Protein chains: 2
Amino acid sequence: MPKVNSDSEEKIKAAAKKIFLQKGFDGATFKNISEEAKVNTALLNYYFGTKEKLFLEVFDESFFLFIRLIYQIMEQDIPLEVKIYSMVDKYTDLILENPMMPIFITSEIQRNPEKLIKHFGIFKQPTDTFLARQLASEAAKGTIREIDALQFEMALLGLILFPFMGRPIMNLRGVDTDLAFKAFVLERKKIIPEMMMAYLKTGTKQQ
Amino acid sequence: MPKVNSDSEEKIKAAAKKIFLQKGFDGATFKNISEEAKVNTALLNYYFGTKEKLFLEVFDESFFLFIRLIYQIMEQDIPLEVKIYSMVDKYTDLILENPMMPIFITSEIQRNPEKLIKHFGIFKQPTDTFLARQLASEAAKGTIREIDALQFEMALLGLILFPFMGRPIMNLRGVDTDLAFKAFVLERKKIIPEMMMAYLKTGTKQQ
DNA sequence: GTCTATAGAGCGATAGAC
DNA sequence: GTCTATCGCTCTATAGAC
């Protein structure tokens with residue numbers, strides 16, 4: 001590693017990520033970012049050309065990761081209960097490292113759906129997923145009740161993600177430190193799978 | 001009603017609400033709003049002074065309503081199961097009329113917490129709520145399992161709200177019309193209470 | 001009450017010195 | 001590779017005619 005400390009390009013990317021996450025694409029300015037990175041404003045254009053290119057480059061990896069990890073786990077050929085625990089565990093940990101991402105992703109997509117869906121290559125998923133077949137198969141065996149796969153996914157994701165999106169509400173309800181919030185979220189690693197399983201087992205003999 | 005059609009102030013408010021919801025405070029411009037309202041840009045300043053005042057005035061009623069309705073229902077002295085059904089039913093209907101509000105509120109608060117919390121008077125709630133006492137009392141009687149009140153609230157809200165926040169994801173999963181989305185959400189009026197009750201009844205004799 | 005015209009500031013982006 | 005200086009544009013907001 002010859003260049004020791006002042007790798008400007010990396011400093012800009014780190015600063016841009018922080019500022020974009022906080023203020024969104026529209027709210028962030030080159031001035032904000034260059035001050036955060038402690039470099040000259042003109043350097044942003046030198047390295048990345050335009051604001052949009054900087055934005056896309058910074059979130060190119062991480063943005064897609066958050067959406068793809070869902071399907072990577074959902075589509076694994078593992079028992080349903082294991083899958084639910086794995087999903088809650090892995091996704092909670094991922095978001096804990098990037099707690100502002102859920103709101104950021106949803107709001108940026110809502111404000112510019114074409115751009116993001118096109119660039120990040122999020123594609124139309126088939127309705128006939130492995131998870132859908134798994135849920136149908138288990139229901140046919142009578143080990144769980146019937147449930148639509150998308151309903152299942154949205155329930156699971158909502159349970160995992162919502163505390164991060166409603167963090168300001170939680171602040172007003174006494175969960176007002178990062179430590180308390182983390183404890184709250186980690187407790188959900190137990191609650192969420194139990195909730196999903198309790199629902200799925202309703203009306204079956206294993207109930 | 002003397003002034004028939006051209007009530008500019010109301011046209012501006014309606015246009016501002018639409019544009020702000022779509023683009024956020026930072027992304028929205030007076031040009032966007034005035035074109036949407038089909039009035040001159042200078043009229044926005046004439047009626048509302050500044051962009052921030054326009055924003056606050058437009059969302060003064062509805063913004064707070066969305067947060068307060070939660071507690072209005074949660075704090076009612078009605079049986080727990082009735083409360084859950086009521087919460088899911090009323091909140092789903094409210095959001096269906098304003099499907100962009102959940103993302104809008106969360107992202108605007110994340111980007112400007114002091115301003116919004118101060119202006120809309122969202123205050124620090126006590127941890128000793130009616131709901132908390134109700135949950136503790138039922139658990140003591142053995143009719144439900146023990147659960148922290150905030151965990152209960154976040155689970156319920158996540159289940160209700162997440163489909164609206166993840167609407168773009170749902171579009172890619174085949175739920176790509178307003179009609180299909182509405183049907184999907186209405187189905188949750190049944191699923192969500194059953195899920196909550198299934199969890200609460202786990203380990204009790206009524207299970 | 002609504003318009004045109006424009007002020008004044010901040011924005012993203014570029015040119016050119018070093 | 002990094003800086004200063006500045007361009008051209010768009011933004012919010014105001015002044016003043018009607």
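Order of the sequence lines sets the chain letters (A, B, ...), proteins ahead of strands, with each chain counted from 1. As the structure is a prediction and not an experimental result, all values here were calculated from the model.
- Distances from the side chain of Ala42(A) to the nucleotides dT14(C), dA13(D), dC3(C) place dT14(C) closest.
- Contact check, Ser8(A) against dT2(D): a side-chain N or O comes under 4.0 Å of OP1 or OP2.
- Picking from dT2(C), dT2(D), dA13(C) the nucleotide with the shortest atom distance to the side chain of Tyr46(B) gives dT2(C).
- Per the geometry, NZ belonging to Lys53(B) stands 16 Å off P belonging to dT12(D), to the nearest Å.
- The cationic group of Lys90(A) does not satisfy the cation-pi geometry with Tyr85(A), failing either the under 6.0 Å distance to the six-membered ring centre or the 45° limit from the ring axis.
- When only modelled atom types and interatomic distance are considered, Arg167(B) and Thr106(A) share no side-chain donor-acceptor pair under 3.5 Å.
- Using a 4.5 Å heavy-atom cutoff, the side chains of Thr92(B) and Ile192(B) are not in contact.
- Counting non-hydrogen atoms under 4.0 angstrom, Tyr47(A) reaches the backbone sugars and phosphates but no base.
- Using modelled atom types and a 3.5 Å distance limit, the side chains of Ser86(B) and Asp89(B) yield no donor-acceptor pair.
- At the heavy-atom level, Thr41(A) lies nowhere under 4.0 Å from the strands shown.
- Residue Glu9(A) contributes atom CD, which lies 10 Å from atom P of dT2(D) at whole-angstrom precision.
- Comparing dG1(D), dT12(D), dT14(D) by their closest approach to the side chain of Lys51(B) singles out dT12(D).
- Residue Asp93(A) is tested with Lys189(A), Lys182(A), Arg188(A) for a salt bridge (Lys or Arg N to Asp or Glu O under 4.0 Å); the sole match is Lys189(A).
- For the segment residues 26-40 of chain B, the set of residues with a heavy atom within less than 4.0 Å of an atom of DNA chain D comprises Ala28(B), Thr29(B), Phe30(B), Lys31(B), in numerical order.
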